[in-house]
Amino acid sequence: MTTDARAIPSAPFSPNASGGRADSLRRSFRFGDAMLGLVCRGSAAVIAIMLGALVLVLLTSAMPAIKEFGFGFLVSSEWRVNELERPLKDAAGNVVVEDGEIVMETIKPAFGALPVIYGTAVSSLIALLIAVPLSFGAALFLVRVAPTLRMAGPLSFLIEFLAAIPSLAYGIWGLFVLAPFLQTHVGPAVKSALENVPGLRWMFYESVTIAGTVVERPIPITGRDMFCGSLVLAIMILPIVTSVSRDVLKAVPRTQIEGTLALGATWWQSCVAMLRYGRSGLFGAVMLGLARAAGETMAITMVIGNNNQINPSPFAPAQTMASLLANEFAEASEGLHQASLLYVALVLLVMSLLFNIIARRLVVGKASPAGH
Amino acid sequence: MASARFETRRLTSDAMFVVCAACTLLIVTLLLLVSGYLVWIGIGSIDLSFFRDVPTGDVATPGGMRHAIEGTVILLALAAAVGVPLGVAAGVYLSEYSHEWFFAGPLRFIADVLTGVPSIVVGILGYELFVVPVSRWTSNSVSFSGYAGAAALAFIMIPIVARTTEEMLRLVPKTYREGSLALGASKAQTVLRVVLPSAFGSISTGIMLALARVAGETAPLLFTALGSRLLTRDPSEPFPSLTLQIYTYATGPYPEQKKLAWAGILVLLALLFAVNLLIRVVAARHAATRLGKV
């Protein structure tokens with residue numbers, strides 16, 4: 001901006017200006033305007049270029065994996081970083097032996113994103129299930145009750161401040177406080193309560209094949225699992241969902257509320273009318289929360305257990321797209337492994353862009369757009 | 001009959017009122033519990049050596065985090081040097097040139113969408129754009145650098161700064177612009193001498209908020225700045241940052257390092273709180289002087 005300021009004459013307008021002076025003044029005016037226009041348009045173009053670069057760079061560097069796996073990547077649950085050697089088996093399932101030696105076959109590395117897509121989807125959904133009702137309730141309170149108690153200002157300030165706490169802080173809290181608590185108290189209690197309920201055994205036991213026989217073994221409760229990850233995510237998205245839905249509800253016209261009350265609605269019935277009136281904006285708030293939960297990295301990496309397998313139990317460790325990237329990208333050797341991780345990043349980007357686009361479309365003009 | 005139905009409606013309403021109040025109470029206590037715990041443990045772990053010393057390499061007496069604090073300050077300064085001018089100029093475009101063509105509307109949308117891009121993806125972009133090419137160039141194995149980290153942070157800052165600047169410029173009354181133009185000032189003069197200065201306070205608070213936000217970012221730095229245990233001031237090398245160091249120490253096995261991580265979190269939270277408070281004060285004073293003048 002400073003280079004620009006220099007282009008402007010220090011005494012822009014003087015009543016004595018005449019003839020050549022006015023001409024030069026006009027020229028410098030035009031020059032200044034042109035410069036400012038150039039700088040502003042250029043900077044604005046940078047924003048468009050940033051989005052373009054993001055998509056283009058991820059697309060090109062993920063290309064090897066896209067070519068190799070195609071869309072099958074999204075539904076495959078294999079994740080083998082290294083080549084694997086195992087005994088070759090014939091059609092009957094017997095080990096092939098030639099010249100007294102077991103014939104080995106080499107399996108190429110293979111990559112699939114299903115476990116992380118599953119992990120991201122399930123952890124985000126559980127987080128939303130916990131956070132959204134709480135947030136809506138709090139938003140109603142903030143809009144309809146808090147102002148009369150002169151609490152709206154402080155409460156809003158508090159919630160905005162909490163929305164700005166870095167995810168690293170939530171991660172550390174989850175790792176050192178929540179996870180141990182879940183491991184020693186909640187996990188065992190839930191297990192002893194639900195273990196013998198028919199139909200819920202899958203939550204605490206997994207079947208594994210060891211040496212050809214299927215063995216059922218208990219899932220060790222470590223506290224760092226899908227449940228803990230979802231809880232931390234829920235806590236993290238509470239402030240943002242609350243503040244956006246508060247803004248949406250605030251925008252409901254007063255006449256709407258007064259109309260319902262005049263028709264004899266109770267407090268809650270008029271609240272329901274408010275929720276119904278703002279439903280598209282509220283859905284936008286949920287989508288913003290979803291986008292945030294799905295893209296959340298540091299906290300979830302610290303608490304979800306980082307196990308790249310699909311396990312339906314909430315007490316088993318899992319992995320999300322973001323946590324997979326945080327864990328493996330630095331160590332990935334160039335080639336298919338890195339390309340596959342970039343493919344995951346691309347899927348994550350496209351997904352969060354989608355959520356954001358839907359959310360912005362719905363909340364547009366109804367909530368403060370800048371910031372988080 | 002009718003009165004019984006009324007009675008149920010009233011009871012439901014009262015019950016839901018309590019539920020809503022309970023939701024608010026639960027959220028506020030939960031979040032206060034989390035941040036209060038972090039602050040409590042942080043205060044117990046912080047001392048002067050945290051700010052004064054550099055890592056010793058000994059896990060029993062790990063020293064302090066001076067290198068990481070300085071690293072974060074340098075990273076933020078570099079990111080702001082790129083991100084603030086670009087962001088403010090883009091914000092001026094969105095506000096002052098918004099009539100132009102069909103560019104401003106979609107651009108605003110793109111800026112909004114960019115603020116929602118997961119920060120880990122930004123980190124990977126930084127790796128592909130700044131680390132990989134530089135490695136090829138210098139034929140190093142991998143050239144993680146402070147510059148790459150700062151670029152990733154700037155990437156996060158630009159859309160936020162642009163959108164806040166735009167919002168703040170929109171609050172400047174249209175009559176200011178008209179008055180300036182009517183006095184014979186050019187558009188550039190109007191924007192630079194009238195519009196921007198009258199929104200200066202609120203724009204700078206927006207910038208501080210953006211800085212506070214990227215100061216707490218870890219994911220974009222994982223594959224760009226990488227982190228370092230050395231007190232380095234050369235951003236072309238792997239660069240230390242407070243958040244990266246906290247992450248390394250917190251996930252590591254040594255209790256003394258974990259203590260440092262808690263202290264680091266406290267510093268981050270204190271910074272965040274200070275910025276938020278400052279913004280409130282500045283905003284209040286700004287509003288007051290404005291009212292006095294107009």
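Reminder, nothing fancy here: chain letters follow the sequence lines and each chain counts from 1.
- Heavy-atom distances place both the backbone and the side chain of L168(A) under 4.5 Å from chain B.
- Summarising the geometry of A53(A) relative to L125(B), their closest heavy-atom pair is O-CD1, 3.8 Å, with the distance given to 0.1 Å.
- Interface remark: I47(A) contributes backbone and side-chain atoms alike to the contact with chain B (heavy atom separation under 4.5 Å).
- Each of T243(B), I246(B), L222(B) was compared with M298(A) under the side chain to side chain contact (heavy atoms under 4.5 Å, CB included) criterion, and only L222(B) meets it.
- Within the 4.5 Å cutoff, side-chain heavy atoms of R360(A) are placed close to those of T115(B).
- With a 4.5 angstrom heavy-atom cutoff, F17(B) touches chain A via backbone and side-chain atoms both.
- Per-residue counts of heavy-atom pairs under 4.5 Å with chain A were compared for A90(B), A15(B), G87(B), G216(B); the largest is that of A90(B).
- Closest approach of A138(A) and T24(B) over heavy atoms only: CA-OG1, 3.4 Å.
- With a 4.5 Å cut-off on non-hydrogen atoms, V19(B) does not touch chain A at all.
- With a threshold of 4.5 angstrom between heavy atoms, Y247(B) approaches chain A through its backbone and through its side chain.
- Proximity to chain B involves both the backbone and the side chain of L325(A), based on heavy atoms less than 4.5 angstrom apart.
- The shortest distance between side-chain heavy atoms of L36(A) and L192(B) falls below 4.5 Å.
- Between chain A and the residues V117(B), T190(B), L268(B), V132(B), the most heavy-atom pairs under 4.5 angstrom are made by V117(B).
- Of the two parts of Q338(A), only the side chain, counted from C-beta on, holds a non-hydrogen atom closer than 4.5 Å to a non-hydrogen atom of chain B.
- The distance from the CH2 atom of W267(A) to the CG atom of D14(B) is 9.5 Å, given to the nearest 0.5 Å.
- The two atoms that bring L162(A) and S35(B) nearest to each other are CD2-OG, 3.8 Å, heavy atoms only.
- Ranked by heavy-atom pairs under 4.5 Å with chain B, the list P166(A), A44(A), A131(A), G295(A) is led by A44(A).
- Nearest heavy-atom pair, F161(A) versus N276(B), reported as atom, atom and distance to 0.1 Å: CD1-ND2, 3.7 Å.
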After noting the C-alpha distance and the side-chain angles of S61(A) and Y127(B), does the key distance pass the side chain to side chain contact (heavy atoms under 4.5 Å, CB included) rule?
-> CA-CA 11 Å; S61(A) 34; Y127(B) 176 83; over 6 Å; no

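- Put simply, the residue from I41(B), L33(B), L38(B) that forms a side chain to side chain contact (heavy atoms under 4.5 Å, CB included) with W173(A) is L38(B).
- Proximity to chain A involves both the backbone and the side chain of I120(B), based on heavy atoms less than 4.5 angstrom apart.
- Between L107(B) and A48(A), the shortest heavy-atom contact is CD1-CB, 3.9 Å.
- M302(A) touches chain B through its side chain: at least one heavy atom from C-beta onward sits under 4.5 Å away, while N, CA, C and O do not.
- Put simply, of T60(A), I159(A), L142(A), I165(A), the one with the most heavy-atom pairs under 4.5 Å next to chain B is I165(A).
- Residue A250(B) touches chain A through both its backbone and its side chain, counting heavy-atom pairs closer than 4.5 Å.
- For F144(B), no part sits under 4.5 Å from any heavy atom of chain A, backbone or side chain.
- Proximity to chain B is absent for every atom of V272(A), based on heavy atoms less than 4.5 angstrom apart.
- Taking the six-membered ring where the residue is Trp, F176(A) and W262(B) present tilted rings, their angle falling between 30° and 60°.
- Chain A forms the most heavy-atom pairs under 4.5 Å with one residue out of L31(B), I110(B), I265(B), and that residue is L31(B).
- The two residues P118(B) and S352(A) make their nearest non-hydrogen contact at CD-OG, 3.0 Å.
- Proximity to chain B (any heavy atom under 4.5 Å) is shown, for L54(A), by both the backbone and the side chain.
- When heavy atoms are compared at a cutoff of 4.5 Å, L226(B) does not approach chain A at all.
- Contact of R9(B) with chain A is made through backbone and side chain together, with heavy-atom distances under 4.5 Å.
- For chain B, the nearby part of A265(A) is the backbone; its heavy atoms alone come within less than 4.5 Å.
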